[in-house]
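Below is one structure, written out as structure tokens; the observations come after it.
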Amino acid sequence: MADDKKLTSRAEDFSAWYNELVLRSELADYSPVKGSMVIRPNGYGIWERMQRALDDMFKATGHQNAYFPLLIPESFMKKEAEHVEGFAPELAVVTHGGGKLLEEPLVIRPTSETIIYHMFAKWTQSYRDLPILINQWANVVRWEMRTRLFLRTLEFLWQEGHTAHATHDEAEEEARRMLGVYRTFMEQWMAMPVITGVKSESEKFAGAVRTYACEAMMQDNKALQASTSHNLGQNFAKAFELQFQDEKGGMAFAWNTSWGLTTRMVGALVMTHGDDNGLCTPPRLAPIEIVIVPIWKNDDEKARLTAAALTVKAELTEWTGRGATDRLRVHVDLRDGMRSGAKYYEWELRGVPLRFELGPRDLEKQAVFAARRDTRAKQSLAMDGLPAAAAALLERIQNDMFQAALNRREANSVRGRISYDEFKVLMDGKGGFVFAGWCGESACEAKVKEETKATIRCMPDAEFRSPEAPATCLCCGGPSKAEAVWARAY
RNA sequence: CGGGGCGUAGCUUAGCCCGGUAGAGCGCCUGCUUCGGGAGCAGGAGGUCGGAGGUUCAAAUCCUCUCGCCCCGACCA
């Protein structure tokens, strides 16, 4: 009886835990179209926080937002060879409009490289027109066969950055810069550690020269690709005749990059920080940072404590110690007919990072009883100086959540000599990240995938590599050309 | 597309084998008592049993077809 109020535990069935959490915390719900979902206010609120944080960073790195249309001529998708091949299986195509068969079918964008570089070509004549640094917030459609709330749906929301540069080096620098922006976002906002690196040939974006990615480890020890940043070289420029006249008067093709991050990050948040009680949102991304639950027994107390709670809220939200535009986000739960205990469970399920209980005894002491969502630790906080204390506590929660996630990832990462047989056992067991050598042959990569379902998540950037470079390939035992992170992935 | 499971009230489901007035728990509404970790009592609203055919005096139940969803695999952010 009380059991159906509890989530399935992560240990019991991680997948069921995830689905129940997402549905019951009202992050999202299934829509009538198979494989697509409704993002409910609780989930969308988190996405909005993500958008704001990222958008500020994009602006700070010189990008402007624009919007390109949903429908793309089918012929555009076919202009870049690898791009066609990569996306053909998952395109949704519009064949009719206004009741009539269209002369040329229109695809619903799975990504916007084609339409954007077509337009860039129109806008670019001279090297003086470069660089073009554009971002767009949009929805895209990819007809996936196997779907999962937030992690893989037919339609999802994302941002896609698209840039054009005069030189290869500038484009490479841009791709790396945006990878860094993503990393900062994930570490500082999502409190989610990531490993940055470059993708292998088989895992790179269809049409890219090189794909960089941030890889995170979920609580089931599987890897999740958290974002990608591509150096597209001149592939699309050539396909869409994106040319410019350089300083010397000659014609040259531009160099492009694209980079994206999706609503999948809401799922990443759940699988990084959620526990058996529900979601746990890092404060910086929490639509509500503090929920105040007043406690009363009778009408007199109800009146007094409601007033007190609203006063506390006002003091918290009026405080500008974090800056005038970054006020504490506070909600007072005044619902009647619901016991305080029931409210605690609900706000814990929804992942509000900090809860203030305010009853007659606290009021007497001029304090609130504060409960952290992440550690569930409780302490009394004096009303005097409460806003600053609350802000400090939220910051500590943010940092502790990152540290806990980092510790978990490190505890489940394996470095150093590992035999292929040991690797197989590990992948069939608890999983995790394995830092091991790779000979560079796609045959080895394919064999490992076939036999263990694990793939090369990335060839990590220098700071993530092992102190001693692996000497041999995990699979064939031949000389290693690059250290790779091997793991099963979402 | 292969394998598995499921469609009965908003949710979780019993009933189906063996045909005969559609039940429960949670949630919701009203009232009273409660209220420092998932409240109690009383009353109440809510169903074309996924859909279409068929068998039958009679179908949630049996038969045929169909639609949808979820889970596991192949593809992917």
Side-chain angles (χ1 to χ4, degrees), chain A residues 1-7 13-16 18-20 23-24 26 29-37 85-91 110-111 139-160 182 199 202-206 211 213-216 223-230 258-268 277-278 293-302 305 335-349 355-365 368-369 371 376 378 380 449-450 453 455 457 489-490:
Chain A
M1 196 181 196
D3 272 0
D4 59 61
K5 291 183 173 174
K6 285 207 171 91
L7 294 170
D13 185 342
F14 192 80
S15 184
Y18 176 84
N19 281 327
E20 284 174 28
L23 294 171
R24 288 184 38 189
E26 298 182 358
D29 201 356
Y30 293 106
S31 93
V33 175
K34 179 190 172 123
S36 59
M37 65 177 222
E85 205 187 322
F87 282 104
E90 46 188 355
L91 289 182
T111 179
N139 58 337
V140 287
V141 169
R142 297 183 185 176
W143 216 263
E144 303 291 348
M145 302 181 220
R146 189 118 164 51
T147 58
R148 207 138 149 33
L149 292 166
F150 284 111
L151 301 176
R152 182 163 300 108
T153 46
L154 295 194
E155 178 187 0
F156 56 90
L157 306 184
W158 75 347
Q159 60 67 216
E160 49 180 325
Y182 287 141
K199 286 281 177 181
S202 71
E203 295 271 331
K204 79 173 191 189
F205 176 73
T211 290
C214 293
E215 294 285 330
L224 183 86
Q225 177 173 302
S227 70
T228 50
S229 177
H230 317 290
S258 67
W259 27 275
L261 179 147
T262 79
T263 37
R264 176 183 241 198
M265 285 306 94
V266 178
N277 299 306
V293 180
I295 300 158
W296 58 70
K297 280 207 232 341
N298 52 48
D299 286 349
D300 172 55
E301 283 185 359
K302 180 179 171 184
L305 286 146
R335 285 175 296 177
D336 208 350
M338 195 171 175
R339 292 178 154 228
S340 50
K343 292 181 181 179
Y344 303 161
Y345 279 102
E346 186 180 300
W347 292 112
E348 281 172 8
L349 175 66
R355 178 180 72 239
F356 287 170
E357 301 168 15
L358 182 58
R361 296 206 292 270
D362 304 294
L363 198 55
E364 188 74 25
K365 285 193 297 184
V368 298
F369 199 56
R376 308 188 89 204
K378 296 180 182 184
S380 190
K449 183 174 183 180
E450 168 73 27
K453 292 178 198 152
T455 49
R457 300 321 306 153
Y490 276 94

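Atom set for the values below is all heavy atoms of this structure, side chains included, hydrogens, waters and symmetry mates excluded. Order of the sequence lines fixes the chain letters, A, B, ..., with proteins taken first and strands second; residue numbering starts at 1 for each chain.
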Please answer whether B:rG38 and A:Tyr345 are stacked, defined here as ring centres separated by less than 5.5 Å and planes angled under 30°.
-> yes
Using a distance-only test with no angle check, is there a side-chain donor-acceptor pair under 3.5 angstrom linking A:Ser36 and A:Ser31?
-> yes
A:Arg146 CZ to B:rG4 P, straight-line distance once rounded to whole Å | 16 Å
OP1 or OP2 of B:rC69 less than 4.0 angstrom from a side-chain nitrogen or oxygen of A:Thr147, does that happen here?
-> no
OP1 or OP2 of B:rU34 under 4.0 Å from side-chain N/O of A:Asn298 | no
Salt bridge A:Lys6-A:Glu20, side-chain N to carboxylate O under 4.0 Å | no
Length of the CD-P vector between A:Glu357 and B:rC35, whole Å | 16 Å
With rounding to whole Å, what would you report as the distance between B:rU8 and B:rA60 at their P atoms?
-> 15 Å
Please state the P separation for the pair B:rC41 and B:rC49 - nearest whole angstrom.
-> 32 Å
Quantified in whole Å, what is the C1' atom distance between nucleotide B:rA22 and nucleotide B:rG15?
-> 8 Å
Same-atom distance (C1') from B:rU55 to B:rC72, integer angstrom = 37 Å
Which of these nucleotides, B:rG36, B:rG37, B:rG38, is closest to any side-chain atom of A:Lys6?
-> B:rG38
C1' spacing across the pair B:rG54 / B:rG19, given as an integer number of angstrom | 15 Å
No-H, no-angle donor-acceptor pair, A:Lys343 side chain to B:rG36 base, under 3.5 Å = no
Residue whose closest nucleotide on RNA chain B lies nearer the 5' end, A:Leu349 versus A:Phe156 | A:Leu349
Are A:Arg355 and A:Glu357 ion-paired here, with the side-chain N under 4.0 Å from a carboxylate O?
-> yes
Under 4.0 angstrom, heavy atoms only, what part of the nucleic acid is A:Ser31 near: base, sugar-phosphate, or nothing?
-> nothing
Between A:Arg339 and B:rU34, is there a side-chain N or O to OP1/OP2 distance below 4.0 Å?
-> no
In terms of heavy-atom contacts, does CH2 of A:Trp158 have more than 12 from other residues, nucleotides or ligands at under 6.0 Å?
-> yes
Please figure out whether A:Thr262 or A:Lys297 has its closest RNA chain B nucleotide nearer the 5' end.
-> A:Lys297
Could you tell me whether A:Ser15 contacts a base, only the sugar-phosphate backbone, or nothing, with contacts defined as non-hydrogen atoms closer than 4.0 Å?
-> sugar-phosphate
Check whether the side chain of A:Glu348 and the base of B:rG37 form a donor-acceptor pair under 3.5 Å.
-> yes
Verify, without hydrogens or angle tests, whether A:Asn19 (side chain) and A:Ala16 (backbone) share a donor-acceptor contact under 3.5 angstrom.
-> no
